[in-house]
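Naming: A, B, ... by sequence-line order, numbering from 1 per chain.
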Protein chains: 2
Amino acid sequence: MQTPTAPAPRKAPRPRADALRNRERIVTAAREMFVEHGPDVPLDEIARRAGVGNATVYRNFPDRDALVREVVCSVMDRTAEAAELALAETGDAFAALERFVHTAADERISALCPMVSSTFDKHHPDLEAASKRVERLVEEVMGRAKAAGQLRPDVGVGDLMVVVSQLSRPPAGTDCVRGDRFVHRHLQLLLDGLRAPARSALPGRAVSLRELRAS
Amino acid sequence: MQTPTAPAPRKAPRPRADALRNRERIVTAAREMFVEHGPDVPLDEIARRAGVGNATVYRNFPDRDALVREVVCSVMDRTAEAAELALAETGDAFAALERFVHTAADERISALCPMVSSTFDKHHPDLEAASKRVERLVEEVMGRAKAAGQLRPDVGVGDLMVVVSQLSRPPAGTDCVRGDRFVHRHLQLLLDGLRAPARSALPGRAVSLRELRAS
DNA sequence: GCTAAACGGGGAGACGGTCCCCGGTTATTT
DNA sequence: AAATAACCGGGGACCGTCTCCCCGTTTAGC
(Lines give C-alpha, C1' and ligand atoms only; values in the text may rest on other atoms or scores of the structure.)
Protein backbone atom coordinates (compact mmCIF):
# COMPACT_ATOMS: atom_id res chain seq x y z
CA MET A 1 0.00 0.00 0.00
CA GLN A 2 3.05 2.24 -0.08
CA THR A 3 3.16 4.76 -2.87
CA PRO A 4 6.77 4.58 -4.00
CA THR A 5 6.69 8.02 -5.58
CA ALA A 6 5.67 9.85 -2.43
CA PRO A 7 7.99 9.53 0.56
CA ALA A 8 5.05 9.57 2.94
CA PRO A 9 6.00 7.43 5.88
CA ARG A 10 2.81 8.13 7.84
CA LYS A 11 0.07 10.69 7.78
CA ALA A 12 1.89 13.08 5.49
CA PRO A 13 -0.69 13.99 2.91
CA ARG A 14 1.47 16.62 1.29
CA PRO A 15 -0.53 19.84 1.26
CA ARG A 16 -1.81 21.29 -1.94
CA ALA A 17 0.36 23.66 -3.93
CA ASP A 18 -1.91 26.66 -3.56
CA ALA A 19 -2.13 26.03 0.18
CA LEU A 20 1.62 26.37 0.47
CA ARG A 21 1.61 29.44 -1.70
CA ASN A 22 -1.08 31.04 0.43
CA ARG A 23 0.74 30.23 3.62
CA GLU A 24 3.79 31.95 2.24
CA ARG A 25 1.81 35.01 1.18
CA ILE A 26 0.34 35.24 4.67
CA VAL A 27 3.74 35.17 6.30
CA THR A 28 4.98 37.85 3.94
CA ALA A 29 1.99 40.07 4.57
CA ALA A 30 2.26 39.52 8.32
CA ARG A 31 5.92 40.53 8.26
CA GLU A 32 5.08 43.84 6.65
CA MET A 33 2.12 44.47 8.92
CA PHE A 34 4.07 43.63 12.07
CA VAL A 35 6.80 46.02 11.04
CA GLU A 36 4.39 48.82 10.21
CA HIS A 37 1.72 48.42 12.85
CA GLY A 38 3.20 46.30 15.60
CA PRO A 39 2.46 42.74 16.67
CA ASP A 40 -1.15 43.49 17.63
CA VAL A 41 -2.40 44.22 14.14
CA PRO A 42 -5.77 42.51 13.41
CA LEU A 43 -5.39 39.15 11.69
CA ASP A 44 -8.18 40.01 9.29
CA GLU A 45 -6.10 42.88 7.92
CA ILE A 46 -3.17 40.58 7.43
CA ALA A 47 -5.48 38.33 5.44
CA ARG A 48 -6.67 41.24 3.36
CA ARG A 49 -3.11 42.35 2.60
CA ALA A 50 -2.23 38.79 1.71
CA GLY A 51 -5.18 38.65 -0.67
CA VAL A 52 -6.77 35.65 1.05
CA GLY A 53 -9.86 35.12 3.16
CA ASN A 54 -9.53 35.48 6.88
CA ALA A 55 -10.42 31.85 7.41
CA THR A 56 -7.27 30.84 5.58
CA VAL A 57 -5.17 32.59 8.18
CA TYR A 58 -6.94 30.89 11.07
CA ARG A 59 -6.67 27.54 9.30
CA ASN A 60 -2.93 27.79 8.80
CA PHE A 61 -2.05 29.12 12.23
CA PRO A 62 -3.80 27.92 15.36
CA ASP A 63 -3.27 31.23 17.11
CA ARG A 64 -1.55 34.55 16.78
CA ASP A 65 1.61 33.39 18.52
CA ALA A 66 2.11 30.67 15.95
CA LEU A 67 2.03 33.24 13.18
CA VAL A 68 4.35 35.59 15.02
CA ARG A 69 6.77 32.75 15.61
CA GLU A 70 6.76 31.78 11.97
CA VAL A 71 7.38 35.37 10.92
CA VAL A 72 10.24 35.76 13.38
CA CYS A 73 11.84 32.52 12.24
CA SER A 74 11.53 33.47 8.60
CA VAL A 75 13.08 36.88 9.19
CA MET A 76 15.92 35.24 11.04
CA ASP A 77 16.48 32.96 8.08
CA ARG A 78 16.49 35.92 5.73
CA THR A 79 18.94 37.69 8.00
CA ALA A 80 21.14 34.64 8.11
CA GLU A 81 21.14 34.50 4.32
CA ALA A 82 22.12 38.15 4.21
CA ALA A 83 25.05 37.31 6.47
CA GLU A 84 26.07 34.40 4.26
CA LEU A 85 25.90 36.65 1.25
CA ALA A 86 28.13 39.15 3.03
CA LEU A 87 30.60 36.42 3.94
CA ALA A 88 30.85 35.46 0.30
CA GLU A 89 32.32 38.89 -0.25
CA THR A 90 35.97 37.99 -0.01
CA GLY A 91 37.29 41.51 -0.32
CA ASP A 92 37.11 44.24 2.30
CA ALA A 93 35.74 42.90 5.58
CA PHE A 94 34.09 46.14 6.62
CA ALA A 95 32.44 46.48 3.24
CA ALA A 96 30.94 43.05 3.89
CA LEU A 97 29.59 44.27 7.22
CA GLU A 98 28.09 47.33 5.56
CA ARG A 99 26.46 45.18 2.94
CA PHE A 100 25.02 42.96 5.65
CA VAL A 101 23.58 45.87 7.62
CA HIS A 102 21.85 47.47 4.67
CA THR A 103 20.52 44.15 3.44
CA ALA A 104 19.25 43.16 6.87
CA ALA A 105 17.31 46.40 7.03
CA ASP A 106 15.74 45.73 3.65
CA GLU A 107 14.88 42.22 4.79
CA ARG A 108 12.80 43.77 7.58
CA ILE A 109 15.01 42.70 10.44
CA SER A 110 12.97 44.96 12.68
CA ALA A 111 10.15 42.43 12.44
CA LEU A 112 11.91 40.34 15.05
CA CYS A 113 11.30 42.92 17.71
CA PRO A 114 8.46 40.83 19.15
CA MET A 115 11.18 38.36 20.04
CA VAL A 116 12.00 40.34 23.13
CA SER A 117 8.32 40.73 23.95
CA SER A 118 7.05 39.35 27.21
CA THR A 119 4.24 37.25 25.76
CA PHE A 120 6.42 35.19 23.51
CA ASP A 121 7.87 31.74 23.94
CA LYS A 122 11.57 32.31 23.45
CA HIS A 123 12.34 28.65 23.96
CA HIS A 124 10.61 27.15 20.96
CA PRO A 125 13.03 24.76 19.23
CA ASP A 126 12.60 26.28 15.75
CA LEU A 127 13.36 29.65 17.19
CA GLU A 128 16.44 28.63 19.11
CA ALA A 129 17.83 26.95 16.03
CA ALA A 130 17.32 29.98 13.83
CA SER A 131 18.68 32.17 16.57
CA LYS A 132 21.86 30.13 16.92
CA ARG A 133 22.44 30.22 13.20
CA VAL A 134 22.05 33.98 12.96
CA GLU A 135 24.28 34.62 15.92
CA ARG A 136 27.02 32.39 14.53
CA LEU A 137 26.95 33.98 11.09
CA VAL A 138 26.78 37.58 12.25
CA GLU A 139 29.50 36.86 14.77
CA GLU A 140 31.60 35.68 11.86
CA VAL A 141 30.91 38.79 9.80
CA MET A 142 31.78 41.04 12.69
CA GLY A 143 34.74 38.93 13.72
CA ARG A 144 36.40 39.30 10.34
CA ALA A 145 35.99 43.07 10.40
CA LYS A 146 37.38 43.22 13.91
CA ALA A 147 40.32 41.01 12.96
CA ALA A 148 41.05 43.35 10.07
CA GLY A 149 41.16 46.23 12.53
CA GLN A 150 38.27 47.92 10.78
CA LEU A 151 35.47 47.35 13.32
CA ARG A 152 35.72 48.62 16.87
CA PRO A 153 36.04 45.65 19.23
CA ASP A 154 33.65 46.86 21.92
CA VAL A 155 30.40 46.00 20.15
CA GLY A 156 28.53 42.68 20.11
CA VAL A 157 26.04 40.94 17.88
CA GLY A 158 23.23 42.11 20.14
CA ASP A 159 24.31 45.71 19.79
CA LEU A 160 24.25 45.49 16.04
CA MET A 161 20.91 43.71 15.80
CA VAL A 162 19.16 46.12 18.14
CA VAL A 163 20.53 49.24 16.52
CA VAL A 164 19.76 48.13 12.98
CA SER A 165 16.27 47.05 14.04
CA GLN A 166 15.55 50.34 15.73
CA LEU A 167 16.88 52.47 12.90
CA SER A 168 15.05 50.57 10.20
CA ARG A 169 11.75 50.52 12.06
CA PRO A 170 9.08 52.92 10.82
CA PRO A 171 8.34 55.71 13.29
CA ALA A 172 5.41 55.02 15.62
CA GLY A 173 1.94 55.90 14.42
CA THR A 174 3.17 56.32 10.88
CA ASP A 175 1.07 54.94 8.10
CA CYS A 176 4.47 54.75 6.52
CA VAL A 177 4.18 54.92 2.86
CA ARG A 178 7.13 57.13 3.62
CA GLY A 179 9.21 54.08 2.88
CA ASP A 180 12.83 53.99 3.87
CA ARG A 181 13.84 57.32 2.51
CA PHE A 182 16.10 58.06 5.47
CA VAL A 183 16.83 54.60 6.72
CA HIS A 184 19.95 53.82 4.73
CA ARG A 185 21.23 57.30 5.38
CA HIS A 186 20.99 56.76 9.11
CA LEU A 187 22.37 53.25 8.93
CA GLN A 188 25.38 54.70 7.22
CA LEU A 189 25.85 57.12 10.10
CA LEU A 190 25.82 54.19 12.45
CA LEU A 191 28.32 52.28 10.35
CA ASP A 192 30.67 55.23 10.47
CA GLY A 193 30.40 55.09 14.24
CA LEU A 194 31.25 51.41 14.19
CA ARG A 195 34.56 51.87 12.39
CA ALA A 196 37.85 51.38 14.17
CA PRO A 197 39.55 53.19 15.70
CA ALA A 198 36.77 53.99 18.14
CA ARG A 199 36.32 57.70 18.67
CA SER A 200 35.00 57.32 22.20
CA ALA A 201 34.44 54.75 24.92
CA LEU A 202 31.01 53.13 25.11
CA PRO A 203 29.21 52.83 28.43
CA GLY A 204 28.32 49.28 29.47
CA ARG A 205 29.46 46.07 27.85
CA ALA A 206 29.15 44.49 24.43
CA VAL A 207 25.82 42.63 24.33
CA SER A 208 25.22 39.23 22.80
CA LEU A 209 22.04 37.79 21.38
CA ARG A 210 21.67 35.64 24.46
CA GLU A 211 21.54 38.64 26.76
CA LEU A 212 18.88 40.13 24.53
CA ARG A 213 16.65 37.11 24.89
CA ALA A 214 17.04 37.07 28.63
CA SER A 215 14.38 39.63 29.45
CA MET B 1 -16.86 94.41 41.94
CA GLN B 2 -13.26 93.89 40.85
CA THR B 3 -11.10 91.92 43.20
CA PRO B 4 -7.83 93.85 43.13
CA THR B 5 -5.79 90.90 44.40
CA ALA B 6 -6.77 88.57 41.60
CA PRO B 7 -5.79 89.69 38.10
CA ALA B 8 -8.90 88.12 36.66
CA PRO B 9 -9.86 90.27 33.71
CA ARG B 10 -12.76 88.05 32.64
CA LYS B 11 -13.91 84.56 33.33
CA ALA B 12 -10.56 83.39 34.62
CA PRO B 13 -11.44 81.56 37.76
CA ARG B 14 -7.99 80.24 38.35
CA PRO B 15 -8.22 76.47 38.63
CA ARG B 16 -7.63 74.76 41.90
CA ALA B 17 -4.14 73.79 42.88
CA ASP B 18 -4.77 70.05 42.88
CA ALA B 19 -6.41 70.31 39.47
CA LEU B 20 -3.23 71.71 38.00
CA ARG B 21 -1.15 69.10 39.77
CA ASN B 22 -3.35 66.33 38.40
CA ARG B 23 -3.18 67.72 34.90
CA GLU B 24 0.58 67.69 35.10
CA ARG B 25 0.63 64.13 36.41
CA ILE B 26 -1.57 63.04 33.52
CA VAL B 27 0.73 64.59 30.95
CA THR B 28 3.72 62.92 32.56
CA ALA B 29 2.03 59.54 32.67
CA ALA B 30 0.84 59.93 29.09
CA ARG B 31 4.35 60.70 27.94
CA GLU B 32 5.66 57.48 29.43
CA MET B 33 2.76 55.43 28.12
CA PHE B 34 3.02 56.87 24.61
CA VAL B 35 6.71 56.06 24.55
CA GLU B 36 6.22 52.53 25.81
CA HIS B 37 2.99 51.50 24.16
CA GLY B 38 2.41 53.90 21.29
CA PRO B 39 -0.18 56.62 20.79
CA ASP B 40 -3.14 54.21 20.94
CA VAL B 41 -2.75 53.22 24.55
CA PRO B 42 -6.11 53.24 26.42
CA LEU B 43 -6.78 56.50 28.24
CA ASP B 44 -7.95 54.59 31.29
CA GLU B 45 -4.49 53.11 31.69
CA ILE B 46 -2.93 56.51 31.48
CA ALA B 47 -5.27 57.55 34.26
CA ARG B 48 -4.28 54.53 36.33
CA ARG B 49 -0.58 55.24 35.85
CA ALA B 50 -1.17 58.88 36.79
CA GLY B 51 -2.97 57.78 39.94
CA VAL B 52 -6.18 59.60 39.08
CA GLY B 53 -9.67 58.53 38.06
CA ASN B 54 -10.37 58.14 34.37
CA ALA B 55 -12.93 60.95 34.48
CA THR B 56 -10.19 63.39 35.38
CA VAL B 57 -8.45 62.65 32.11
CA TYR B 58 -11.59 63.18 30.05
CA ARG B 59 -12.35 66.36 31.97
CA ASN B 60 -8.96 67.90 31.28
CA PHE B 61 -8.68 66.92 27.65
CA PRO B 62 -11.68 66.98 25.32
CA ASP B 63 -10.30 64.17 23.20
CA ARG B 64 -7.25 62.03 22.67
CA ASP B 65 -5.69 64.39 20.17
CA ALA B 66 -5.69 67.19 22.70
CA LEU B 67 -3.73 65.06 25.12
CA VAL B 68 -1.31 63.93 22.46
CA ARG B 69 -0.75 67.49 21.38
CA GLU B 70 -0.08 68.61 24.93
CA VAL B 71 2.41 65.79 25.40
CA VAL B 72 4.20 66.57 22.16
CA CYS B 73 4.43 70.24 23.03
CA SER B 74 5.74 69.52 26.50
CA VAL B 75 8.39 67.16 25.16
CA MET B 76 9.44 69.77 22.64
CA ASP B 77 9.82 72.26 25.45
CA ARG B 78 11.91 69.80 27.41
CA THR B 79 14.04 69.17 24.36
CA ALA B 80 14.46 72.90 23.81
CA GLU B 81 15.58 73.28 27.38
CA ALA B 82 18.09 70.50 26.89
CA ALA B 83 19.44 72.39 23.89
CA GLU B 84 19.69 75.62 25.89
CA LEU B 85 21.52 73.76 28.60
CA ALA B 86 23.93 72.43 26.01
CA LEU B 87 24.46 75.89 24.58
CA ALA B 88 25.40 77.14 28.03
CA GLU B 89 28.35 74.80 27.79
CA THR B 90 30.92 77.24 26.48
CA GLY B 91 33.70 74.72 26.06
CA ASP B 92 33.96 72.01 23.43
CA ALA B 93 31.16 72.31 20.88
CA PHE B 94 30.91 68.61 20.16
CA ALA B 95 30.77 67.83 23.86
CA ALA B 96 27.76 70.14 23.99
CA LEU B 97 26.13 68.19 21.19
CA GLU B 98 26.79 64.93 22.99
CA ARG B 99 25.29 66.31 26.16
CA PHE B 100 22.23 67.42 24.22
CA VAL B 101 21.72 64.04 22.58
CA HIS B 102 21.93 62.05 25.79
CA THR B 103 19.70 64.50 27.65
CA ALA B 104 17.10 64.55 24.88
CA ALA B 105 16.90 60.77 25.07
CA ASP B 106 16.35 60.92 28.83
CA GLU B 107 13.69 63.53 28.30
CA ARG B 108 11.77 61.04 26.18
CA ILE B 109 12.25 62.79 22.87
CA SER B 110 10.85 59.68 21.21
CA ALA B 111 7.43 60.68 22.51
CA LEU B 112 7.14 63.15 19.68
CA CYS B 113 6.97 60.40 17.12
CA PRO B 114 3.19 60.86 16.82
CA MET B 115 4.06 64.23 15.32
CA VAL B 116 4.68 62.61 11.98
CA SER B 117 1.52 60.56 12.31
CA SER B 118 -1.19 60.95 9.73
CA THR B 119 -4.04 61.66 12.14
CA PHE B 120 -2.42 64.65 13.79
CA ASP B 121 -2.94 68.32 13.25
CA LYS B 122 0.55 69.53 12.50
CA HIS B 123 -0.61 73.10 12.08
CA HIS B 124 -1.77 73.86 15.59
CA PRO B 125 -0.28 77.20 16.68
CA ASP B 126 1.16 75.91 19.98
CA LEU B 127 2.84 73.15 18.07
CA GLU B 128 4.35 75.29 15.38
CA ALA B 129 5.73 77.66 17.99
CA ALA B 130 7.37 74.88 19.98
CA SER B 131 8.62 73.34 16.78
CA LYS B 132 10.24 76.55 15.58
CA ARG B 133 11.95 77.01 18.92
CA VAL B 134 13.38 73.53 18.97
CA GLU B 135 14.60 73.73 15.42
CA ARG B 136 16.33 77.05 16.03
CA LEU B 137 18.07 75.86 19.18
CA VAL B 138 19.20 72.50 17.84
CA GLU B 139 20.32 74.18 14.65
CA GLU B 140 22.48 76.39 16.83
CA VAL B 141 23.96 73.47 18.75
CA MET B 142 24.78 71.63 15.54
CA GLY B 143 25.97 74.78 13.81
CA ARG B 144 28.57 75.44 16.45
CA ALA B 145 29.91 71.90 16.24
CA LYS B 146 30.03 72.12 12.46
CA ALA B 147 31.80 75.48 12.59
CA ALA B 148 34.37 73.97 14.91
CA GLY B 149 34.98 71.25 12.34
CA GLN B 150 33.88 68.57 14.78
CA LEU B 151 30.50 67.64 13.29
CA ARG B 152 30.14 66.34 9.75
CA PRO B 153 28.33 68.94 7.66
CA ASP B 154 26.03 66.58 5.77
CA VAL B 155 23.48 66.02 8.56
CA GLY B 156 20.46 68.14 9.45
CA VAL B 157 18.30 68.73 12.49
CA GLY B 158 15.75 66.26 11.15
CA ASP B 159 18.38 63.56 10.85
CA LEU B 160 19.43 64.03 14.43
CA MET B 161 15.92 64.11 15.86
CA VAL B 162 14.80 61.02 14.01
CA VAL B 163 17.86 58.98 14.86
CA VAL B 164 17.83 59.88 18.53
CA SER B 165 14.11 59.20 18.72
CA GLN B 166 14.45 55.82 17.09
CA LEU B 167 17.41 54.74 19.18
CA SER B 168 15.88 55.82 22.47
CA ARG B 169 12.51 54.24 21.75
CA PRO B 170 11.76 50.99 23.56
CA PRO B 171 11.59 47.95 21.24
CA ALA B 172 8.08 47.12 20.04
CA GLY B 173 5.96 44.89 22.21
CA THR B 174 8.31 45.32 25.13
CA ASP B 175 6.82 45.82 28.55
CA CYS B 176 10.08 47.61 28.95
CA VAL B 177 11.11 47.59 32.50
CA ARG B 178 14.34 46.89 30.66
CA GLY B 179 14.94 50.58 30.94
CA ASP B 180 17.55 52.26 28.87
CA ARG B 181 20.36 49.90 29.60
CA PHE B 182 21.64 50.00 26.03
CA VAL B 183 20.29 53.32 24.88
CA HIS B 184 23.18 55.55 25.83
CA ARG B 185 25.59 52.98 24.53
CA HIS B 186 23.97 53.05 21.13
CA LEU B 187 23.61 56.82 21.13
CA GLN B 188 27.32 57.03 21.68
CA LEU B 189 27.89 54.86 18.62
CA LEU B 190 25.79 57.27 16.64
CA LEU B 191 27.70 60.27 17.98
CA ASP B 192 30.94 58.67 16.90
CA GLY B 193 29.45 58.39 13.43
CA LEU B 194 28.52 62.06 13.48
CA ARG B 195 32.07 63.26 14.10
CA ALA B 196 34.03 65.03 11.43
CA PRO B 197 35.77 64.09 9.29
CA ALA B 198 33.03 61.95 7.80
CA ARG B 199 34.15 58.39 7.15
CA SER B 200 31.76 57.85 4.26
CA ALA B 201 29.27 59.67 2.07
CA LEU B 202 25.63 59.55 3.11
CA PRO B 203 22.93 58.76 0.58
CA GLY B 204 20.27 61.43 0.16
CA ARG B 205 20.30 64.93 1.59
CA ALA B 206 20.41 66.46 5.03
CA VAL B 207 16.83 66.63 6.32
CA SER B 208 15.29 69.52 8.23
CA LEU B 209 12.43 69.47 10.69
CA ARG B 210 10.18 70.98 8.08
CA GLU B 211 10.70 68.08 5.70
CA LEU B 212 9.83 65.74 8.54
CA ARG B 213 6.49 67.39 9.15
CA ALA B 214 5.64 67.33 5.47
CA SER B 215 4.28 63.81 5.34
C1' DG C 1 -14.04 14.11 -14.77
C1' DC C 2 -14.13 12.90 -9.84
C1' DT C 3 -13.05 13.66 -5.18
C1' DA C 4 -11.42 15.74 -1.37
C1' DA C 5 -9.04 19.44 0.27
C1' DA C 6 -8.86 24.31 0.50
C1' DC C 7 -11.04 28.78 -0.10
C1' DG C 8 -13.66 33.10 1.11
C1' DG C 9 -17.29 35.80 2.81
C1' DG C 10 -20.62 36.61 6.30
C1' DG C 11 -21.95 36.78 10.96
C1' DA C 12 -22.36 35.51 16.16
C1' DG C 13 -20.10 36.16 20.35
C1' DA C 14 -16.95 38.37 23.31
C1' DC C 15 -13.71 41.63 24.57
C1' DG C 16 -12.18 46.19 25.45
C1' DG C 17 -12.21 51.38 24.92
C1' DT C 18 -14.68 55.54 25.45
C1' DC C 19 -17.39 58.57 27.84
C1' DC C 20 -21.10 60.02 31.19
C1' DC C 21 -23.29 60.17 35.76
C1' DC C 22 -23.41 61.02 40.55
C1' DG C 23 -22.23 60.65 45.52
C1' DG C 24 -18.31 61.92 48.16
C1' DT C 25 -14.14 64.79 49.03
C1' DT C 26 -11.10 68.77 49.16
C1' DA C 27 -9.46 73.43 48.26
C1' DT C 28 -10.73 78.16 48.64
C1' DT C 29 -13.32 82.33 50.62
C1' DT C 30 -15.01 85.33 54.37
C1' DA D 1 -14.10 77.47 61.11
C1' DA D 2 -18.08 76.97 58.26
C1' DA D 3 -19.98 77.54 53.76
C1' DT D 4 -19.58 76.83 48.94
C1' DA D 5 -18.31 75.47 44.69
C1' DA D 6 -15.16 73.03 42.10
C1' DC D 7 -13.05 68.70 41.59
C1' DC D 8 -12.40 63.80 42.18
C1' DG D 9 -13.04 58.77 41.31
C1' DG D 10 -15.37 54.50 40.55
C1' DG D 11 -19.02 52.11 38.16
C1' DG D 12 -21.55 51.13 34.17
C1' DA D 13 -23.88 51.75 29.45
C1' DC D 14 -22.89 52.08 24.67
C1' DC D 15 -20.38 50.91 20.75
C1' DG D 16 -16.82 49.59 17.71
C1' DT D 17 -13.71 45.91 16.76
C1' DC D 18 -11.34 41.44 16.84
C1' DT D 19 -11.78 36.64 16.87
C1' DC D 20 -13.31 32.48 15.19
C1' DC D 21 -16.77 29.28 13.19
C1' DC D 22 -19.99 27.76 9.49
C1' DC D 23 -21.09 26.46 4.96
C1' DG D 24 -21.68 26.96 -0.09
C1' DT D 25 -18.30 27.25 -3.78
C1' DT D 26 -13.92 26.69 -6.12
C1' DT D 27 -9.73 24.33 -7.42
C1' DA D 28 -5.76 21.20 -7.34
C1' DG D 29 -4.40 16.46 -8.00
C1' DC D 30 -5.19 11.72 -9.66
Side-chain angles (χ1 to χ4, degrees), chain A residues 1-8 11-30 33-34 36-70 114 119 173 175, chain B residues 1-8 10-30 33-34 36-71 114 119 173 175:
Chain A
M1 222 254 176
Q2 295 127 276
T3 30
T5 57
K11 271 293 172 61
R14 120 171 125 255
R16 263 163 54 168
D18 57 342
L20 263 66
R21 194 181 57 241
N22 276 340
R23 187 187 173 90
E24 200 51 43
R25 291 174 65 173
I26 290 169
V27 172
T28 300
M33 295 298 267
F34 287 157
E36 296 176 15
H37 304 287
D40 295 330
V41 67
L43 295 187
D44 281 26
E45 300 223 6
I46 294 178
R48 228 169 48 83
R49 156 99 74 139
V52 303
N54 54 8
T56 305
V57 174
Y58 293 102
R59 227 191 325 272
N60 275 280
F61 303 94
D63 54 15
R64 173 181 293 271
D65 282 351
L67 176 54
V68 172
R69 193 183 327 119
E70 181 107 354
T119 66
D175 270 358
Chain B
M1 221 256 178
Q2 293 129 277
T3 31
T5 57
R10 274 257 287 175
K11 270 296 173 57
R14 110 166 134 263
R16 266 165 53 169
D18 56 341
L20 261 67
R21 195 180 56 240
N22 276 341
R23 189 187 171 89
E24 200 52 42
R25 291 174 66 174
I26 290 169
V27 172
T28 300
M33 295 298 267
F34 287 157
E36 296 176 16
H37 304 287
D40 295 330
V41 67
L43 295 187
D44 281 28
E45 301 223 4
I46 293 179
R48 229 169 48 81
R49 156 98 75 137
V52 303
N54 54 8
T56 304
V57 174
Y58 293 102
R59 227 191 325 274
N60 276 281
F61 303 94
D63 54 14
R64 172 181 293 271
D65 283 349
L67 177 55
V68 172
R69 193 182 328 120
E70 180 107 355
V71 168
T119 66
D175 271 358

Examine D/dC8: is either OP1 or OP2 under 4.0 Å from a nitrogen or oxygen in the side chain of B/Arg25? Give yes or no.
no
Provide, to the nearest angstrom, the distance between the CZ atom belonging to B/Arg21 and the C1' atom belonging to C/dA27.
10 Å
Mind listing the N/O atom pairs, protein and nucleotides 3-6 of chain D, below 3.5 Å?
from	atom 1	to	atom 2	distance (Å)
D/dA6	N3	B/Arg16	NH1	2.7

In this structure, CZ of A/Arg16 is separated from CG of A/Asn22 (nearest 0.5 Å) by 9.5 Å
Rounding to an integer number of Å, can you tell me how far B/Arg23 CZ sits from D/dC7 P?
12 Å
For a quick test of reading the model: is some side-chain N or O of B/Asn22 closer than 4.0 Å to OP1 or OP2 of D/dC7?
no
If you compare all heavy atoms of A/Ile26 against all heavy atoms of A/Ala50, which two are closest, and at what distance to 0.1 Å?
CA-CB, 4.0 Å
Provide the closest heavy-atom pair for B/Asn60 versus B/Thr56 in the form atom of the first, atom of the second, distance.
ND2-O, 2.9 Å
What is the bend of the helix from C/dG1-D/dC30 to C/dT30-D/dA1 when you compare the axis at one end with the axis at the other, using five pairs each and rounding to 10°?
40°
Which heavy-atom pair separates B/Ala29 from B/Arg49 by the least distance, and what is that distance?
CB-CG, 3.4 Å
Could you check how far CE of B/Met33 sits from C1' of C/dG17, rounded to whole Å?
13 Å
Separation of atom CD1 in B/Ile26 from atom C1' in D/dC7, rounded to whole Å:
12 Å
Rounded distance in Å - CZ (B/Arg48) to C1' (D/dC8)
18 Å
Taking every heavy atom of B/Val57 against every heavy atom of B/Ala47, the minimum-distance pair comes out as CG2-CB, 3.6 Å
Within 6.0 angstrom of B/Arg48 CZ, more than 12 heavy atoms from elsewhere
no
Going by heavy atoms in the side chains, are B/Leu67 and B/Tyr58 under 4.5 Å from each other?
no
Pick one: which of B/Thr28, B/Ile46, B/Val27 meets side-chain contact (heavy atoms from CB on, under 4.5 Å) with B/Val71?
B/Val27
Take nucleotides 11-24 of chain D nucleotide by nucleotide from the 5' end and write B, S or -, depending on whether a protein heavy atom sits under 4.0 Å from the base, only from the sugar-phosphate, or from neither.
B------SBB-B--
In whole Å, what is the span from the CG atom of A/Leu20 to the C1' atom of D/dG29?
14 Å
Could you give the CZ-to-P distance, from B/Arg14 to C/dA27, as a whole number of Å?
14 Å
Heavy-atom side-chain proximity of B/Glu70 to B/Arg23 below 4.5 angstrom
yes
